[in-house]
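I have placed the structure first, in the form of structure tokens, so that the comments after it can refer back to it.
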Amino acid sequence: MAMAFTEKVDAAEPTHKLVTRNLPDVKDWDETGWVTVENQATGILMDYGTAVHLQLDPKHNQFDTVRSELTRVENSERIFVGSGREFRASLPENRALVESLLEISSDDTDAWTDRTFYVDEFAILAEQSWIYRSVPHEPHIREINASEHEGLIEELDEMMAQLRGTAVVPFDGLASWTVGGIKYELRWDSLYRSFEENSVSYDVERLEQVTALCPENCLRLDWRSKSEESLLRRTIWRILDSETAAPPTQVDLPAGEAGEKIFAAFQQLHDDLDYEYEIHCSSRS
């Protein structure tokens, strides 16, 4: 599901996104689970906002409460494109109700279903500009507009520093560069490579070591063998995307400071999201 705003709200481009790795044995409601992380971030984001807009499915257990306590947004004032049941919560007056809609407790299946599927989308606004927007059943749509809110990202970073496998990252990725006609982009979960009309992405989870070969202006990348991947993933690669199964073992960098910044981006990704790959800087023997 794509999320789009109507002309009733400033449709500024996102500056950052909230990301959470799917760590083994971490449940959604655990401290580092994607629901709990988003709720903690939402607590900070609401401090900067004046209202929350929600699109709610009538199947939600608190739908009647929302309908009686929040303002139903008229068609002409809706901020979500295609919205059918949009409500406006004022901040801070209705903050407790918003928090109750987003909160789930351990093993509460009904609350998890409400939170994941029956809160269709929500956005935090500051007057007529947006700060945060989310589609709960699409965890990749957790976007932040911090362009007019000094200190917001720093505050979120401080909170995220206490949590494994989660971070706020630049919306456009951590680094991008072009060498020899090949374009690379380092995103929070993948290394994206494109040449002419061909493009492919490689899962950062598979990285075992990143080594900057300093005089040669390149990175040596060691990846987990495809034989160690699940049968399902190997089948998908074989049928749909065989190039993804064979990531590059060497990536050229631009010379000087630009290349150093790219290596630093791999270091930042490692530190902020707790990836297990090792990272080194050395000369080729």
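Only this structure's heavy atoms are used, side chains among them; waters, hydrogens and symmetry mates stay out.
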Take atom [atom1] in [X]; do more than 12 heavy atoms of anything else shown fall under 6.0 Å from it?
{"X": "E154", "atom1": "CD", "result": "yes"}
{"X": "D222", "atom1": "CG", "result": "yes"}
{"X": "R164", "atom1": "CZ", "result": "no"}
{"X": "E103", "atom1": "CD", "result": "no"}
{"X": "Q267", "atom1": "CD", "result": "yes"}
{"X": "Q209", "atom1": "CD", "result": "yes"}
{"X": "E158", "atom1": "CD", "result": "no"}

Is there any side-chain hydrogen bond (donor to acceptor under 3.5 Å, both in side chains) pair reaching into residues 26-36, and which pairs are they, with sequence neighbours excluded?
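Every pair satisfying side-chain hydrogen bond (donor to acceptor under 3.5 Å, both in side chains) with a residue in residues 26-36: D28-W34, D28-W112, W29-S106.
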Is a donor on one side and an acceptor on the other found under 3.5 Å between the side chain of [X] and the backbone of [Y]?
{"X": "T15", "Y": "A146", "answer": "yes"}
{"X": "D274", "Y": "G165", "answer": "yes"}
{"X": "R88", "Y": "V73", "answer": "no"}
{"X": "E127", "Y": "G49", "answer": "no"}
{"X": "E86", "Y": "R72", "answer": "no"}

Of all the heavy-atom pairs spanning [X] and [Y], show the shortest one and how long it is.
{"X": "A89", "Y": "V98", "value": "CB-CG2, 3.6 Å"}
{"X": "W223", "Y": "P248", "value": "NE1-O, 2.7 Å"}
{"X": "R187", "Y": "L269", "value": "O-CD2, 3.8 Å"}
{"X": "N145", "Y": "A12", "value": "ND2-CB, 3.7 Å"}
{"X": "S129", "Y": "E148", "value": "OG-OE1, 4.1 Å"}
{"X": "C218", "Y": "D252", "value": "CB-OD1, 3.8 Å"}

Is there a side-chain contact between [X] and [Y] (heavy atoms, below 4.5 Å)?
{"X": "P136", "Y": "D120", "result": "no"}
{"X": "K17", "Y": "V168", "result": "no"}
{"X": "V204", "Y": "D189", "result": "no"}
{"X": "L152", "Y": "D47", "result": "no"}
{"X": "L219", "Y": "Q250", "result": "no"}
{"X": "F263", "Y": "T211", "result": "no"}
{"X": "L163", "Y": "Q40", "result": "yes"}
{"X": "P14", "Y": "W130", "result": "yes"}

Is the cationic atom of R133 (NZ for Lys, CZ for Arg) positioned less than 6.0 Å from the six-membered ring centroid of F80 and within 45 degrees of its normal?
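Relative to the ring axis of F80, which defines the angle, R133 lies outside at least one limit.
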Kindly confirm or rule out a cation-pi arrangement of R193 over Y202, judged by NZ or CZ under 6.0 Å from the six-membered ring centre and within 45° of its axis?
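Verdict for Y202: no cation-pi partner in R193.
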Let's go through Y132 and E38 carefully: what are the C-alpha distance in whole Å and the side-chain angles of both, what is the deciding distance for side-chain hydrogen bond (donor to acceptor under 3.5 Å, both in side chains) to 0.1 Å, and is it a yes or a no?
CA-CA 11 Å; Y132 183 71; E38 182 175 47; 2.5 Å; yes
Verdict with reasoning, N94 to V52, per side-chain contact (heavy atoms from CB on, under 4.5 Å)
CA-CA 9 Å; N94 303 125; V52 178; over 6 Å; no
Please determine whether salt bridge (Lys or Arg N to Asp or Glu O under 4.0 Å) holds for the pair R206 and D203, giving the CA-CA distance in whole Å, both sets of side-chain angles, and the decisive distance to 0.1 Å.
CA-CA 6 Å; R206 294 182 62 201; D203 191 346; over 6 Å; no
State the [atom1]-[atom2] distance between [X] and [Y], to the nearest 0.5 angstrom.
{"X": "K8", "Y": "S76", "atom1": "NZ", "atom2": "OG", "value": "6.0 Å"}
{"X": "S194", "Y": "E185", "atom1": "OG", "atom2": "CD", "value": "6.5 Å"}
{"X": "L54", "Y": "R85", "atom1": "CG", "atom2": "CZ", "value": "12.5 Å"}

[Y] reachable from [X] in the ILVMFWY side-chain graph, under 4.5 Å edges:
{"X": "L102", "Y": "L91", "value": "yes"}
{"X": "V35", "Y": "F122", "value": "no"}
{"X": "L23", "Y": "I104", "value": "no"}
{"X": "F195", "Y": "V179", "value": "yes"}
{"X": "F266", "Y": "Y192", "value": "no"}

Under 3.5 Å side-chain donor-acceptor pair for [X] and [Y]:
{"X": "Q55", "Y": "Y118", "value": "no"}
{"X": "Y184", "Y": "S176", "value": "no"}
{"X": "E121", "Y": "S134", "value": "no"}
{"X": "Q268", "Y": "H270", "value": "no"}
{"X": "T20", "Y": "T166", "value": "yes"}

Applying side-chain contact (heavy atoms from CB on, under 4.5 Å) to V169 and D272, what does each step give before you reach the verdict?
CA-CA 9 Å; V169 298; D272 290 352; over 6 Å; no
Please walk me through it: do T249 and R220 pass side-chain contact (heavy atoms from CB on, under 4.5 Å)?
CA-CA 6 Å; T249 56; R220 186 178 67 226; 5.7 Å; no
Set out, in order, the CA-CA distance, both residues' side-chain angles and the distance that settles side-chain contact (heavy atoms from CB on, under 4.5 Å) for H53 and L125, then state yes or no.
CA-CA 8 Å; H53 277 234; L125 309 181; 3.6 Å; yes
Please test R95 against E99 for salt bridge (Lys or Arg N to Asp or Glu O under 4.0 Å), starting from the C-alpha separation and ending with a verdict.
CA-CA 6 Å; R95 178 168 179 150; E99 290 174 341; 3.0 Å; yes
